[in-house]
Every structure is written in structure tokens, then in C-alpha cells.
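All heavy atoms count here, side chains included; hydrogens, waters and symmetry mates do not.
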Amino acid sequence: MPQEIAKLEHAAQRLDVIRYARAVALLSPLKRHLLRLISVLLHYHSPKLPGYNGPLTPSGVADYVLGPDGLEACDTLNIEITTISSVNDSLIEGVYSMGSTASFGQNIQSDIDVWLVHSEQLTQNACELLVNKTQLLTQWFALFDFEVNFYLVHPKQFIQGRNDKSDLYNCMGHEHSGSAQHWLLLEEFYRSQFRLAGKSIAWWPNAGKSKSLLSLGDANALPASEYFGASLWQLYKGVEKPHKALLKVLLLEAYASEYPHTQLVSERIWQHTLEGDFSSANDAYYLLYESIESYLLKRGDVRRLEITRRCFYLKCGVKLSQHDQAVDWRYFKMQKLVADWNWSDSLLKTLDNCENWHCGQLQWFNEQLNELMLGSYRTLLQFASTHKLSESLRISELGLLTRKLHTYFSEDAHQIMRLNSLWSRSILEPHLSVIYSSQDKFYYLYRCSPNPRNFLEHSAVFHSKSKAKLLVWASLNGVANSQTRWHEIRQSKRKSSYLTQAANRLDGLVVNESIKVSKMALYQPWHFRKLVFLLNFNSDPTESWSGQDIMVDYMNSNVFSIGRNHLNMVDSIDVISLNSWGEWHCHHFEGKKSILDALSFVTPGMKRAVEEVSVQVISCSLKLRSQTERTVQDLLYRAVRLSRQAQSSTTLGYALQVGKLRYGLFFNNRGMHYENLSDAKSFYQQLSQRKLLELPRPTLGDEPFAKLPAVIQDYAAKGAIQYFLRQRKQGLDVFILDEGNELNHYVQEGTDVNALVNKLSHYHTFEDPQLTKDNFNLPQFFKLKRVKGELMAVPFGVTHESAEVDF
């Protein structure tokens, strides 16, 4: 038996050595030294070394000996190691690289994911010190453009129950996997890991325990209930790297199709290893692709297989059409694969030129990736619906993941979706042209100048019913900036110049920047963070107005009702908004009452904001630009002020002349409602005279919320299903607001809050008939409880510590 174990260990160590050599072969000379320094800087701990954060931080890697390569790395980076005293305690069991490093998937942009398995003797405080040190090391490596991500792992994390010992310090961190995947993460580690320092991992099937080996658990114990949570997590990670996430989601789908007799990639790697196959075919990333290919061919799914092949090729970064590139250990295998796939030279050149793809190519590829990922998600959803949800997938986390995914995969016609730039360095265009189709009432955006020949060679890169949305989409995604010339086909030159001017003013207001969204923000109703009002962009009544701007200022005229004819100078309004969920939207309002409709739309989202909302007004009018901008901005601020002053027991009113009619604008804690005052009763007449009036109770038309607790009125937000739960003696009080703020109320007997939330989450996840229409709009849950006598709505499942963490 000892001889058999020694044989297995020898085979695993040989694969380890080969993987390390492959990883080093794909790195630049400097990054090779940096890779070697990872172990050095974790083993030694001194004020002289990067990452030092105090004398109590655990250090010392088991069985580590500084060799010639480590010394050379220290000399190259000017790190003084010889004067540091030897390490007595080994509080780190091992340091391992995992993921795409050392595989076909490693390219020049790949990061290094490092699992740091610490001694189980470490306290939670000691682990926190070690986490802090690894964060400092990550920052130090980043100075050399070398991205290293560290994840602390308790040696019994995959062996003991998830709820033991405070989640074993929750060491993996929610950024890596949350509670959404557990065994699948271990299986990925087993199939891709290689040792940087410390004990060898007993990763092969049925590995026995040995003092010289580190055993983290049996990946074959993979439960069916985990596939759904893992697919959610991979979709979430796919927001940043969809080509990489697609391969992992498809692997989950392939695994699920064989359940419960799934052959894991890690098992296939071990079979090759025992057979003495250490060729490029025994590679974690290649065998991952091979598993997906086999699954899709069985299904006859040629379309998804073709996109999968392109993702695999692009992830590897081996550019076969560029004959001057260095030939590494993957080159000839990749060459054979491409030949088997019958790819044309033109396709190869297009893929190899991915760094220079224009926005149209990116748009197409993004759409393909999203469609395929959502297809896999639905397949895994069907699989998961026959099994219970993983107990480790917390309901609160399920809500967070799906809320974030809804932001990314939403089919809301008003939302402006971001392009994932993937590999493209820049998609900026010098000329953009807009064409309106009277046939389907859409505006089409082309990445060319207005020469008629250009439209034969190009296809539209974006289209929308809203012309403003084209400008916002281009600005948000880096397709246009202040240097871009805009052209409106079949319109006057002045129209085109106005288009360019409007786009220039949007530049800087609509920015494609990484928006930090805290968990608490996702737990709560959205509110506005930024608003941009674009006035008279589609239609401009000032063009036919013969008056003078100076007289409007002199007479202090109302731009919504000018002169004897009471002309309204604001006819078209586009509201561009960024909300607290990180979503950009563009809503269009047109006609005589556009200002009233726009105010009614934005008031609730401005009122809910804790911090001041950034408000910009841009007028595209031929005349009265400054006057319309100033008036609308003042009106917006007044609307917010009145809505915040109004209480649940009162409504504040304000009169505004729009055209020939006088309207009452009524504000309470739910927002704004307007009414025509032409046939008003006495208090409306008072309002007309006094401008502002406080009414005794909230009457916003047909108001179903009057008997609701005020806190629910404050939290009500369109676009999300919201449950407000209150435990009472007679049962559980359940208030439900749907996406349109329609109210339902009932009392549920014989259950508690946790049981009901679990039941409802399962229903909305697996049984809701709306699933095919809206994949990720799961409800928000709030517990109603009294805090110091005041009824509060507390997001379900959130802790104070985690609430403000960026998600």
C-alpha cells in the first residue's frame, strides 16, 4: 500500500512540475521572477519586505526552502532576504496557483489566482491579518502590471459543514464564490492547481490520507443542488469576462446532463496522468473545452459549438494568422484544432485582430455570448427545479446575484446596455450618422460619414425608437466623444450641428466608468444618482417662434406659457438617468404635457435619494436655451423640495401654467400627481391664488396607499416586486407591491418570516410563469419592525457588516 501511494504521489508531482514549467514558459522574464516571489513573500515576514503589516501576521510555508530561482528573483527585484532570520513556525500549509495559469487559457492578460491554505490552528483575527497582508501584496505586484489575487482557504472548509465555526472564518470571501458554489469550486481547483510552495495536494479520486499530503476533501461529493447557484455566480462573473464565463457555464450544463454519473474534468486529467500522458492534450482548459464539445455534438447544437470554439480560441490568445509570433507549447495543438474546425483564413484574421474590433463587431459578439449564457442558465434552471435549492446558497445572496444580473441582462426598452469591450483597445469613431426610418419608426446609428456609398458597406450598429438613446449609448460605450462628428441623414446641416452639440454636452456627463454599487443599494429600492434632461431634442417649438429672448427675460415670462397665445416652448424631453443599482436609462416624453409627465416620473426616484442627485439640463432649442434650462432646473429642485417636505398625512400643492391650462402639482410621500385646475373646487382656486397649499391628507387621485404604513409608501419603487413582512399575533402580515406598484395584502397563518421567504424565493426562481419573460427580477424582501418606536423596513438577510460592501 505505501508503495502504491508513493506511485500516485510521484505521478501527481510530475504533473505539478510540468504545469509549473508551462506557466513560466508563457510569462515574460520579469513576471517569472514575480511568480517565484509569491512564495518568498508569504514565507518570510519582515519590515524590509513588501506586504509587511505588523509583527503578529502569520507566516512560514510548510516544507519551504529558498532555492536558486527564489534568490535570483530577490536579487532582480532588489529584495533583501539574507539578513532576515529563519522562520520557526509554518502557519501556511501551502500556496497554489489555480485557474487558467499553466493551461491553454493562459494569455498575456491573465491574472494569477492563488489559494493560500493556512493552518487550522489560526484564529479568525490571525486570518484577518493574513488577508490584510495579501491585499498589500496584491497592490505591490500591481506596480509591475502583474495581477495576483489571493484567497485564504481553511484546510477543513470543504470537509466540515458550511455553518461550522462561523463558516470557517468565511475565508474564501464572497468575491470569489460567495455561498453560491462550494464543491464545484473545489473541483475547478483540483483540475487546474499546481504547487508554488508547501505540501502536495491529494487531489486525485479516492486519495487516501497521508501526513505528507494536504487533503481538502472529495470533489466527487458534488451535490445536484449546487449547479444552479454556481451557474448564477458564473453569469455574474460573466458581466466582466463573458467569453470566459460562457465556457464555465457550458461545462456546468455538460456536467448536469450526465448527473448523477458525471465524469469531472479533474478525473479525466488524472486518467491521462496515470497513463503517462503529459502532452498538451492533458491540459485543464483543453479538456474543459473537449467536455463541452462532446456534450454539444451529442445535442447536435452546432451553433453554440461554433461560438464556444471562438471563445476558447480567443481566451488562449494564440494568434495563428500572425506568423511572426513566438511559438509556445500550445501552438501546434491549436493549429490542429483550427484545421479540424475548417476555419477560413479571413475568420482567423478577424479573431486575431480582436484588439481592433469596432463597436459593431463587439455588439454582435456580446449579443451571441449573452444569448448562449442565458440559454445555458435556463437549461440549468430546469435541472435545478427538480432538486431543492442548495442550503448553502443564502436567499439574501440569491436576491443580490439576480438583482445584479437583471441589471445586465434586462430587456427593458428604456435601459441603455453597456458593451463589454472584451479585447478591444478603443472603439471610438470619428463620424457617426443617424437615419430615421418612417417605416418602422426607429432611428438607426451607423459608424460612418454621410456619404451614400458608406451605407452600402456598413450595417447599423445600434437602433432605438429614441434618438437621444443613440447619443447616450455611443457616449456611454466610448463610441463617441467630443471629437466625434455627428450627422443626421435627410436633415439640414443645422440639425446635424445640433446633434453634434448635444453629443458634446453629454460627453463627460454620461461616462463609461466602473460604478460601485453596495450590497445595501441592491437590497433597497433604487433611487437616482444622476439625471440629465435633454430639452427639445426631437421637436423644437422655438424654431417657429418669432419672439425675442431678451423680452422673455425682461417680462419674466413662463417658458411653458408665453404670450397671448400661451405657447409652450418645451415640447420634447429626454430624461437620461443613472440609478443606485448602476443602471442607465433613457425615457422620452413628448407633447404639451411633457414637462408634467417627466416631473411625475422623476420625483419619487429623486425623493428616495439620501444624497443630493446630480441634475443637469441641456436645451437643444434654437432659441430660449438658457431660459428653458434655468426654468426646468428650478422646477426640478422645487419638486424634490416639496416631495421631501410632504408627509404621509399631508399633500403639498403647487400651481403651474402649461400652455393654455393651469395645473395643480400635488406632492406627498409617494411622489407627484398633476390635475387640470380648469374645473377646480375651492381649494384648487386657493391653490391658484396662493401658489402653494398644504392639504390635510394624501389624495393623489385614486390612491390605494392611504391605509398603508408610511414606511412602505416611502420604499415603493416601480420595476421591482417588493414583499413587506410583519410578524403579528394573528399571523404574518404580508404586503406586496408588484412592478407597477399595484398593492396586495393578506395575513399568512402558521408560518414565520424565514419559511415564507424561502417558499416565495423558490416559487419566483423555479415556478413563476413570468420566468421566460424576465429571468432575474426576483423580489426584494423587507421585515417590518419597530426601532425606538418607529416602524422600519429592514432588508431581509443583510448584516450590518456586509451591507456597505461593494458587490
May I ask you to check whether [X] and [Y] place their ring centers less than 6.0 Å from one another?
| X | Y | result |
| --- | --- | --- |
| Phe442 | His463 | yes |
| Trp341 | Tyr289 | yes |
| His414 | His585 | no |

Does atom [atom1] of [X] have more than 12 heavy-atom neighbours, drawn from other residues, nucleotides or ligands, at distances under 6.0 Å?
| X | atom1 | result |
| --- | --- | --- |
| Lys349 | NZ | no |
| Glu611 | CD | no |
| Lys530 | NZ | yes |

Could you report the tightest heavy-atom contact between Ser433 and Pro450, atom names first, then the distance?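 For Ser433 and Pro450, the tightest heavy-atom pair comes out as OG-N, 3.7 Å.
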
Side chains of [X] and [Y] only: does a donor on one sit below 3.5 Å from an acceptor on the other?
| X | Y | answer |
| --- | --- | --- |
| Ser344 | Ser346 | yes |
| Thr603 | Ser643 | no |
| Arg304 | Ser376 | yes |
| Asn356 | Asn353 | yes |

Hey, does the side chain of Lys469 reach the backbone of Tyr443 with a donor-acceptor pair shorter than 3.5 angstrom?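 No; judged by distance alone, with no hydrogens or angles, the pair does not exist.
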
Residues Leu246, Ile307; criterion side-chain contact (heavy atoms from CB on, under 4.5 Å); working and verdict: CA-CA 10 Å; Leu246 174 66; Ile307 297 295; 4.2 Å; yes

Identify whether the distance between the nearest side-chain nitrogen and carboxylate oxygen of Arg309 and Glu293 falls below 4.0 Å.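 Yes, this pair counts.
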
Would a 4.5 Å heavy-atom cut-off, applied to side chains only, mark Trp584 and Ile576 as touching?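 Contact flag for Trp584/Ile576 side chains = yes.
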
For Tyr446, run the ring-ring contact (aromatic ring centres under 6.0 Å, His included) check against Trp486, Phe462, Phe455 and tell me which one passes.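 Going through Trp486, Phe462, Phe455 one by one, the ring-ring contact (aromatic ring centres under 6.0 Å, His included) with Tyr446 is satisfied by Phe455 alone.
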
